[in-house]
Structure formats: C-alpha cells, structure tokens
Amino acid sequence: MANDLTRRNDWLDDPFFNDLGRHIFDSLTPSRSDDTSRLLKTDIQENEKSYVVKVDVPGIEKPNINLSYDHGVLSVAVKHEEQADHSDNKGNLLMSERSYGRMSRSYQLPNVDEAKISAKVTDGVLTIDLPKMTSEQIENHQITID
C-alpha cells in the first residue's frame with residue numbers, strides 16, 4: 001500500500017507541475033508580479049579599477065532607459081510600452097493588445113568617479129562601466145575640532 005501511495009504522489013515532486021503552478025499563480029499574485037528584481041536581471045562585477053554592471057533590458061529602447069548615480073547609489077529605471085494590433089486580411093481590427101510598465105532597481109556602489117561613468121546597450125543588455133576613484137580622489141571627511 002505504501003508503494004501505491006508513493007506512486008500516486010510522485011507528481012508532487014515533478015518539476016513540470018511545480019513550475020506550472022508557480023507560473024500560473026505568479027501572474028495572479030500582486031506581491032510577486034510587482035517584484036521587479038526578477039525582471040531586471042543584473043550581473044555586477046568588481047575589479048580593482050571599476051564596477052561593471054550588466055542589466056537585461058530586452059525590448060527596451062534606449063530613450064526609455066534612465067540612469068543616475070547619486071551618493072554612492074546607481075539607479076536604473078526603464079519604461080516599457082508595447083502595442084500590437086491584429087487585423088484580418090481586409091484590414092478590420094480584430095484585437096488590440098497594449099502593455100505598459102515601469103521598473104527600477106538601485107545598487108549601492110561606493111567611491112565611483114561620476115564624471116567617467118559610461119553606458120551602452122547591445123543586444124538587449126545594458127552595460128554600465130563605473131570607474132572607481134583613485135585613492136588621491138577619495139577625500140577624507142574628517143572634521144577638526146577647534
């Protein structure tokens with residue numbers, strides 16, 4: 001009898017069914033669908049001279065990407081607008097679909113030389129190069145008491 005019960009519940013451990021339910025309910029659950037960190041997938045690499053940030057932005061045009069760096073924080077904001085009209089062979093509009101959305105993420109990356117930050121978009125990937133300040137550029141903010 002234990003074998004029959006085990007066989008009947010094997011589908012509970014099946015990744016297909018687990019993922020299927022997750023995808024269905026993710027789209028219906030506001031708290032999960034508002035999680036933009038899943039949408040702006042990011043890789044950050046650090047070396048001695050700079051940070052290199054790569055953000056997936058497929059389908060987002062360059063004018064709809066806004067970057068800023070303020071007080072050690074890099075902010076990336078994107079706006080996505082899509083419209084698809086489906087017409088029959090006579091030109092009658094059968095269906096029109098529109099989607100709009102805004103997403104943003106922020107990353108704390110200290111001691112960046114703001115004047116030398118550069119960015120480019122290639123094949124749906126936004127690459128941001130943030131050179132670090134040299135030790136001479138980092139100002140000591142010690143306050144002397146008189």
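Sequence positions, counted from 1, serve as the residue numbers for this chain.
- Residues Val125 and Val57 fail the side-chain proximity criterion, which asks for heavy atoms closer than 4.5 Å.
- Here salt bridge (Lys or Arg N to Asp or Glu O under 4.0 Å) pairs that include residues 54-78, with residues two or more places apart or in two chains, number zero.
- Between the CG atom of Leu67 and the CD1 atom of Ile117 there is a distance of 9.0 Å, given to the nearest 0.5 Å.
- In terms of the side-chain contact (heavy atoms from CB on, under 4.5 Å) criterion, residue partners of Lys49 (sequence neighbours excluded) are, by chain and number, Asn47.
- Open room surrounds CD on Gln45; 12 or fewer heavy atoms of other groups in view lie less than 6.0 Å from it.
- No single ILVMFWY cluster, assembled from side-chain heavy atoms under 4.5 Å apart, contains both Val52 and Val73.
- In this structure, the side-chain hydrogen bond (donor to acceptor under 3.5 Å, both in side chains) partners of Ser75, at least two apart in sequence or on a different chain, are Ser106.
- Once rounded to the nearest 0.5 Å, the distance linking CD of Gln108 with CG of Leu74 reads 11.5 Å.
- The distance from atom CG of Asp129 to atom OG of Ser118, rounded to the nearest 0.5 Å, is 4.5 Å.
- Between Leu109 atom CG and Ser50 atom OG the span is 10.5 Å, to the nearest 0.5 Å.
- Arg102 contributes no side-chain N or O that, together with a main-chain N or O of His80, makes up a donor-acceptor pair within less than 3.5 Å.
- In this structure, the separation between CE on Met103 and NZ on Lys79 is 12.0 Å, given to the nearest 0.5 Å.
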With side chain to side chain contact (heavy atoms under 4.5 Å, CB included) as the test, would you mind laying out the steps for Asn64 and Val78 before giving the verdict? CA-CA 6 Å; Asn64 292 327; Val78 299; 5.9 Å; no
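- Formation of a donor-acceptor pair under 3.5 Å by the Tyr69 side chain with backbone atoms of Leu130 is not found in this model.
- Proximity of Ile65 to Ile60: side-chain heavy atoms (C-beta onward) are separated by under 4.5 Å at one or more points.
- In summary, Glu46 and Lys132 engage in a salt bridge, as defined by a charged side-chain N under 4.0 Å from a carboxylate O.
- Legend: residues meeting side-chain hydrogen bond (donor to acceptor under 3.5 Å, both in side chains) with Tyr107, ordered by chain and number and at least two apart, are Thr42.
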Evaluation steps, side chain to side chain contact (heavy atoms under 4.5 Å, CB included), between Leu126 and Val76: CA-CA 10 Å; Leu126 170 65; Val76 178; 4.1 Å; yes
